[in-house]
Amino acid sequence: MSDTFERIRRVVVKIPRGKVMTYGDVARAAGLPGAARAVGYAMRALGRTVPWQRVLGRKNPRSAHITIVDARGKAEQRRLLEKEGVKFDPRGAVPLATFGWIPRLPKRLR
DNA sequence: GACATGACGTAAT
DNA sequence: TATTACGCCATGT
């Protein structure tokens with residue numbers, strides 16, 4: 001397991017129930033700003049050992065809502081999130097203002 | 001080591 | 001709003 005994956009894992013496992021983060025935010029919180037792609041790759045590798053369903057994607061820049069990216073596990077992901085209380089709007093998106101979660105970051109990384 | 005690919009994000013056009 | 005281009009990181013060929 002690479003050091004990068006370990007850092008990503010440490011962030012993901014802290015996401016509280018009923019909250020979600022974007023790939024980009026996870027990367028930033030892990031000290032890897034801009035490495036959203038690596039987070040996606042890591043999520044696939046980590047699989048069900050972490051609360052993978054709480055990581056969604058920001059479809060458009062500056063968008064206030066995020067959507068499920070993983071096409072293969074999308075149905076299960078949505079079911080798990082709704083069970084935790086996360087609400088999806090008619091377009092299948094989640095409002096960040098309500099369910100988004102940003103962890104406290106070391107000052108160095110902010 | 002070069003190159004392509006992928007559960008991504010952002011800025012420019 | 002849609003498309004394009006590029007940056008980022010790990011893997012596989």
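Just so we're on the same page: letters track the sequence lines, and every chain starts at 1.
Atom CG in A:Asp3 sits about 16 Å away from atom C1' in C:dC8, given to the nearest Å. To the nearest angstrom, P of B:dA7 lies 16 Å from NZ of A:Lys59. Here C:dT11 presents its P atom at 10 Å from CG of A:Leu46, a figure rounded to the nearest Å. Computed from coordinates, the A:Ile15 CD1 to B:dA7 C1' distance equals 13 Å when rounded to whole Å. Protein atom CE of A:Met43 is 17 Å distant from nucleotide atom C1' of B:dG9, rounded to whole Å. Atom CG in A:Asn60 sits roughly 9 Å away from atom C1' in C:dT1 (whole-Å rounding). One interatomic measurement links the two molecules: CZ of A:Arg7 to C1' of C:dC8, which rounds to 14 Å at whole-angstrom precision. Atom OH in A:Tyr23 sits about 18 Å away from atom P in C:dC9, given to the nearest Å.
In terms of position on DNA chain B, the residue among A:Ala38 and A:Pro61 whose nearest nucleotide sits closer to the 5' end is A:Ala38.
Close to B:dG6, at under 4.0 Å from its OP1 or OP2, lies no side-chain N or O of A:Arg44. When the side-chain nitrogen and oxygen atoms of A:Thr4 are compared with OP1 and OP2 of C:dC9, none of them lie within a distance under 4.0 Å.
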Please walk me through it: do A:Arg91 and A:His65 pass side chain to side chain donor-acceptor pair (under 3.5 Å)?
-> CA-CA 10 Å; A:Arg91 301 195 338 282; A:His65 42 259; 2.8 Å; yes
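Looking at heavy atoms from C-beta onward, A:Trp52 lies in side-chain contact with A:Gln77 at the 4.5 angstrom threshold.
Between A:Arg79 and A:Glu84 there is no salt bridge, since no side-chain N of the basic residue sits under 4.0 Å from a carboxylate O of the acidic one.
When the C1' atom is used for both B:dA7 and C:dA2, the distance is 22 Å, rounded to whole Å. Annotation: B:dC3 and C:dC6 have their P atoms spaced 15 Å apart (nearest Å).
Here the side chain of A:Tyr41 is nearest to one of B:dA7, B:dG6, B:dG9, namely B:dG6. Looking at the side chain of A:Phe5, the nearest of the listed nucleotides B:dA7, C:dT11, C:dC8 is C:dT11.
Both A:Leu32 and A:Met21 are part of a single hydrophobic cluster, where members link through side-chain heavy atoms under 4.5 Å apart.
Within the cation-pi definition used here (under 6.0 Å to the ring centroid, within 45° of the axis), A:Arg78 qualifies as a partner of A:Phe88.
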